[in-house]
Every structure is written in structure tokens, then in C-alpha cells.
**Q** 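First, the structure itself, so that you have it in front of you.
Both ligands and their constituent atoms are indexed starting at 1 by order of listing.
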Amino acid sequence: MAQQNGPQSTRYCGGCHDPASLFAGTKNVFAEDLSSVRGHQEGVSCLVCHSIRETDLKGNANYTIVQPERYIYETEEGGSAKLLSDFLIRTYPKKHIDVFAKRLFKTPEYCAACHKQFIDQEVNKVGWVQLQNQYDNWRKSKWNPEGEPDKVVECRECHMPLQESNDPASGDELDSYRFASDGKHRDHRFIGANSFVPQALQLENAAEHTALTEAWLRGERPIPEIEYKWAAGPAVGLELECPDTVQPGEDVKLRVVITSNKVGHDFPTGPLDIIQSWINVEVTDDNGEVVFASGHVDEKHFIEPGSFMFKAEPVDRYGNLIDRHNLWEMVGVRYRRAIFPGFSDAASYAFACPAELAEKATAGEQVGRDFEVATPYQGGSLHVKAHLDYRKADQYLLNFIFGEDSGITAPVIRMASTEKTIRIEGT
Ligand code: HEC
Ligand code: HEC
Ligand code: HEC
Ligand code: HEC
């Protein structure tokens, strides 16, 4: 982006991804190398979030941020001044709390500043296109029922569940189910769907983060404080519809119904040009032979073409696929599939129940020297298995970034599974 449109164009991304270096003035026309300046690795750090003072609902990082007033000697590195500051901040924390704890942070409108994204003419030279928007999805969904504040489930209630804590900042009187000495603070892992980046960057505790993410995507991470208003079961559930019995040679129809149960916004959400979630189905006979399959990942980590997939295919002004997250060239979307909270989608399949099974059985068998006896086909079974799989990054993009021979791929998380047996009638 910097090479094509100049370093200053990356300010668009920086407001959400990289505010510290953005406000340090590093993304300017004269910047030669955006990644040699200090701060570009900071991302959305403590100070970024805790220094925001006002947001509106336009999105694209439309917030007001202030230079926070620091506690005396807070920024000293080591030495007795720092010891004194640490002592004072714990003994007299009021000022620190006043500066960094705001009611605003509790609201979904606060998250909206960076979780509502669009492109406009300034970025793509053509016009306005909506991108990820967890906020408006959530606002219009069952998690935000009008006139029933007790039933509302906000972003931080799902993404920042309460943790046992002996931190001086534990306790809170503003949330209805909390009190000043509850010995809890809000989890700052922001568990979502990212099982790839923490591992790729070999971050400390990446394995634990990944395990929590997997549990979250399967709907197995308990959040006791909202159990009464949340939902039970998988985050996204699967149901298999198929006939109980079929004849050899008959056409079999399968339907996999996918229901968004515990997701606070579209499933999947985020940059859908990168994220992929799909249905993997396999039908086998009694000998384990595959009769029908869809949604397999090949040895080069590509998903079989034609698979039922949740994703988006944005295009540039010539109709070419945006496959490198080159948002500055994006003008529209030719395909998009995601599920709204509480809603369902369905994947349909058809295949023929193999006639050979019966033919083989009835073809006859040599008995003794003279007789050939045809045994009637006794019937059998088809075993159907369906899974909802998810991965954070498309293989085309990873190959583009890291090279085809890097072997780097995003781990696939199996979010839900279901199976059924279909009886094949005998002859
Ligand atoms: C993405 C934004 C974001 C980032 C990044 C962030 N915080 Fe927070 N933090 C919040 C929100 C929102 C709350 C308020 C939760 C509430 O009041 O229910 C909060 C609350 C807190 C609290 C009050 C206790 C609690 O957890 O309820 C402390 C202390 C805190 N943050 C420290 C930090 C530190 C230290 C970091 C960096 C390691 C950090 N925060 C990074 C958003 C953020
Ligand atoms: C200053 C902008 C900003 C604010 C404010 C903000 N976020 Fe984010 N958030 C981001 C960015 C940027 C990412 C993507 C980071 C990445 O993957 O590199 C992100 C990622 C996330 C993720 C996914 C984490 C993962 O594992 O990939 C969750 C969940 C999330 N945010 C929730 C929230 C919630 C809830 C709030 C409000 C309490 C909030 N955010 C406020 C910018 C922000
Ligand atoms: C009812 C619980 C719930 C609420 C409320 C909720 N989310 Fe989520 N969120 C989820 C689940 C489950 C996932 C994982 C599935 C997915 O990616 O769609 C998720 C995923 C995400 C991701 C994608 C993370 C990634 O790594 O790709 C982001 C970003 C996010 N949420 C932000 C938000 C914001 C912002 C809000 C409030 C406007 C919010 N969420 C409200 C349950 C919730
Ligand atoms: C409105 C705020 C916003 C803007 C502007 C924005 N992003 Fe993001 N971006 C996000 C959030 C929030 C996520 C995390 C969603 C998720 O994890 O599913 C994200 C995710 C990503 C990811 C995937 C990261 C991961 O950890 O999975 C990449 C790469 C990315 N953005 C690059 C960019 C680039 C490049 C630009 C500028 C052309 C840009 N973004 C502009 C908010 C923004």
C-alpha cells in the first residue's frame, strides 16, 4: 500500500491497527521505511485503549484520544524514582484510576470505533464499501433486545469474561452482577477466533491462547456471570438432514443446517477475504470406502473447489479478486456468505447410493464344482459425517506472503460435528 499510494495512505489502517506510531507522526509522506520507526509493533496496546475519551458511530477509528496525564515518575525506567512512583500509585491510586478507567469503555459504542470498517473514495478512488462491522451486526441482533436492558449481552461480556484476580484494580460496582470486592477483573485476552497469529509470532503462552480460542469457537468456554442470558451448547451448531433408508442406486439428498447460536455478530466475522469457514462432509460405506465427500483440504492446504464456504470475495474495479487484503483497490463484493445471530444457513448435497454394493453381493459365488448361488443383498449402511471447520487465513494469502515452499498454514479448528447412519435396503 505504501509503495503504490505513498506511506501516508497507510494512516487508514493505522487508526485501528497501529495508533501509537500513527500519532507519533511516523506515517508521513517522507517516511522511507514504515517498519524501522519505533512504535510500529505496539498495535492496540494498553495505553491506546485506555487513552480513548470519545467515540462516535462512524467507525474507521473515529475516536478522540488524549495524551494521558502520567503519575509522578511513572515513565522513569528503574531507579528509586520509579520505586517511589510504583509505591505511590498503589497507595494513592485515585489519580491513576481517574485517568485510565472510564465508563465509556464499558459500552459497545467504544469498541465500535475500530470494529466498524469501511472504504471510501479517499482509499479506493471509487466510492464507499462496507467492510467488517461487528458493532451494527450486534446492535440489530437478539443480543441487544430493545427495552430489555437486563437481557443485553455486550461485547466485553463475551470477549472479556470475569477472571479471579487479586489485582488492586479488581472489583467493580457498575455492572449489575458485580460488586466492589468481588475479586475479579475482566480478561484482557480478547479471545475471538485467532489460533494462527499468536503461534506464527511464537508469542509467550501461544499454546494456552490457542486452546482457549478452540474452546471458545466450540462454545465450550463457560462464562458463569452471563449464563442466565447467554445460550447453551455450541457457538455454531450443525444439524444433519438425510433419509433414514435408501435403495442401492437411488439418489440421496443431504442437508447440513448451520445455526449461529452464541455468536454476537455475523459468523464468521472480521476480514472475510482472509478467513474461511466451511463444511466438510464424508459418506462412507460399511467397508470404509468413501462414497461421497466435499470440503476436504488437500496436501497443499487448499480447500477442495466447490465446497460450501463462508467467506467473502471482494473485487477491484476490473473485477479481479482482492486476494492479498489489498483493500485500497477494492470496489465491491461479488460473493459473501455469513450467518446473522440466531439465524441458519444450509448446505445441500446429492449423490447416488452405489449400486455396486448390491451388484457385488448378488453376482453369485462359486459353490463346490457345479453350482453358482446368488445370495440376495442383505443391505448395509451409509455413514454420514459433517463438520464445521474454520481457519484464520486463506492459503493463497499465506503462500503470497511467506512463499509456496514455506509450509506455513493456518491451523484448522473443528467447531462442530454431527453424524448419522442411512440404512441401505436389501434386495
Ligand atoms: C481493546 C481495548 C483494551 C486494551 C488493549 C486494554 N484494555 Fe484494559 N480495559 C478495557 C476495557 C473495555 C475495560 C473495562 C471493562 C469494564 O469496565 O467492564 C478495561 C479495564 C481495565 C482494568 C480495570 C480492571 C478490569 O479488568 O476490569 C485494568 C486494570 C486494565 N484494563 C488494564 C489494562 C492493561 C494493563 C492493559 C495492557 C496490558 C490493557 N488494560 C489493555 C479495554 C482495553
Ligand atoms: C483502537 C482500536 C480498537 C478498539 C477501541 C477495540 N479494538 Fe478490538 N481489535 C482492534 C484491532 C486492530 C484488532 C485486530 C488485531 C490483529 O489481529 O492484528 C482487534 C481484535 C479484536 C478481537 C480479536 C482478537 C484476536 O484474537 O484476534 C476481539 C475479540 C476484539 N478486538 C474485541 C474488542 C472489544 C470487545 C472491544 C471493546 C471493549 C475492542 N475490541 C476495542 C482494534 C480495536
Ligand atoms: C454473545 C457473545 C458475543 C458478543 C455479544 C460479541 N461477540 Fe464477538 N465473537 C463471539 C464469538 C462466539 C466469536 C467467534 C466466532 C466468529 O469469529 O464469528 C466472536 C468473534 C469476534 C471477532 C473475530 C475475532 C477473530 O479472531 O477473527 C471480533 C473482532 C469480535 N468478535 C468483536 C466483537 C465486538 C466488537 C462485539 C460488540 C459489538 C462483539 N464481538 C460481541 C461472541 C460474541
Ligand atoms: C475500522 C478499523 C480497521 C481498519 C481501518 C483496518 N482494519 Fe484491519 N482489522 C480490524 C479488526 C478489528 C481486525 C480483526 C478482526 C478479526 O480478527 O477477525 C482486523 C484484521 C486485519 C487483519 C487480519 C489480522 C489477524 O490477526 O487475523 C489484517 C491483515 C488487517 N486487518 C490488515 C489491515 C490493513 C492492511 C488495513 C488498511 C488497508 C486495515 N486492516 C484497516 C480493523 C481495521
**Q** Please state which part of Val236 comes within less than 4.0 Å of ligand 3, counting heavy atoms only: side chain, backbone, both or neither.
**A**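 Val236 to ligand 3: no contact under 4.0 Å from either part.
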
**Q** When you compare ligand 3 with Lys262, is there at least one nitrogen or oxygen pair between them that comes in under 3.5 angstrom?
**A** no

**Q** Please determine whether any non-hydrogen atom of Asn137 lies less than 4.0 Å from an atom of ligand 3.
**A**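 In this structure, Asn137 fails to qualify as a contact of ligand 3 - no heavy atom is under 4.0 Å.
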
**Q** By the definition side-chain hydrogen bond (donor to acceptor under 3.5 Å, both in side chains), identify the one residue from Gln395, Lys311, Arg391 that meets it with Gln276.
**A** Arg391

**Q** Just distances here: any N/O of His50 and N/O of ligand 1 closer than 3.5 Å?
**A**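 There is such a contact, yes.
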
**Q** Using distance alone, decide if ligand 1 has a nitrogen or oxygen within less than 3.5 Å of any nitrogen or oxygen in Lys106.
**A**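 Min N/O separation from ligand 1 is below 3.5 Å for Lys106.
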
**Q** For the residue pair Tyr135 / Glu109, report whether a side-chain donor-acceptor contact shorter than 3.5 Å exists.
**A** yes

**Q** Using a distance threshold of 2.8 Å, state whether an N, O or S atom of His325 lies below it from atom 8 (Fe) of ligand 4.
**A** no

**Q** Just to be sure I read this right, does ligand 1 sit under 4.0 Å from the backbone of Arg186, its side chain, both, or neither, counting only heavy atoms?
**A** both

**Q** Are Lys95 and Tyr71 in a cation-pi contact, defined as NZ or CZ under 6.0 Å from the six-membered ring centre and within 45° of the axis?
**A**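 Ring-cation test returns yes.
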
**Q** Pick, from Tyr390, Trp216, Phe267, the option with the minimum heavy-atom distance to atom 16 (C) of ligand 3.
**A**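 Nearest option to atom 16 (C) of ligand 3, by heavy atoms: Phe267.
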
**Q** Side chains of Met309 and Ile303, heavy atoms from C-beta outward: is any pair under 4.5 Å?
**A**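 When only atoms from C-beta onward are counted, Ile303 and Met309 do touch, with a gap below 4.5 Å.
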
**Q** Does Cys111 have a heavy atom less than 4.0 Å from any atom of ligand 1?
**A** no

**Q** Counting heavy atoms only, which part of Pro268 comes closer than 4.0 Å to ligand 3: side chain, backbone, both or neither?
**A** backbone

**Q** Among Gln134, Gln117, Arg11, whose heavy atom sits nearest atom 6 (C) of ligand 4?
**A** Gln117

**Q** Report the part of Phe100 in contact with ligand 1, treating N, CA, C, O as backbone and CB onward as side chain, heavy atoms under 4.0 Å; options are side chain, backbone, both, neither.
**A** neither

**Q** Measuring from atom 17 (O) of ligand 4, which candidate in Gln132, Lys58, Lys392 has the nearest non-hydrogen atom?
**A**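 Nearest heavy atom to atom 17 (O) of ligand 4 lies in Lys392.
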
**Q** Considering only NZ, NE, NH1 and NH2 on the basic side and carboxylate oxygens on the acidic side, decide whether Asp175 and Lys184 come within less than 4.0 Å.
**A** no

**Q** Considering the heavy atoms of Arg156, write down every atom of ligand 1 situated less than 4.0 Å from one of them.
**A** 16 (C), 18 (O)

**Q** Is it the case that ligand 3 has an N or O less than 3.5 angstrom from some N or O of Pro108?
**A** no

**Q** Ring centroid separation for Phe310 and Phe308, is it under 6.0 angstrom?
**A** yes

**Q** Which atoms of ligand 3 sit under 4.0 Å from any heavy atom of Asn194?
**A** 26 (O)

**Q** Between Met415, His159, His115, which one has a non-hydrogen atom sitting closest to atom 33 (C) of ligand 3?
**A** His159

**Q** So if I count the atoms of ligand 1 from 1 in the order they appear, which ones are less than 4.0 Å from some heavy atom of Phe105?
**A** 11 (C), 12 (C)

**Q** Enumerate the atoms of ligand 3 whose separation from the nearest heavy atom of Glu154 is less than 4.0 angstrom.
**A** 5 (C)

**Q** Quick one: which ligand 1 atoms are inside 4.0 Å of a heavy atom on Cys49?
**A** 1 (C), 2 (C), 3 (C), 4 (C), 5 (C), 6 (C), 43 (C)

**Q** For Asp136, is there an ion pair with Lys140 - N to carboxylate O distance below 4.0 angstrom?
**A**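 Result for this pair is no, no salt bridge flagged.
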
**Q** Based purely on interatomic distance, does His188 place a nitrogen or oxygen under 3.5 Å from a nitrogen or oxygen of ligand 1?
**A** yes

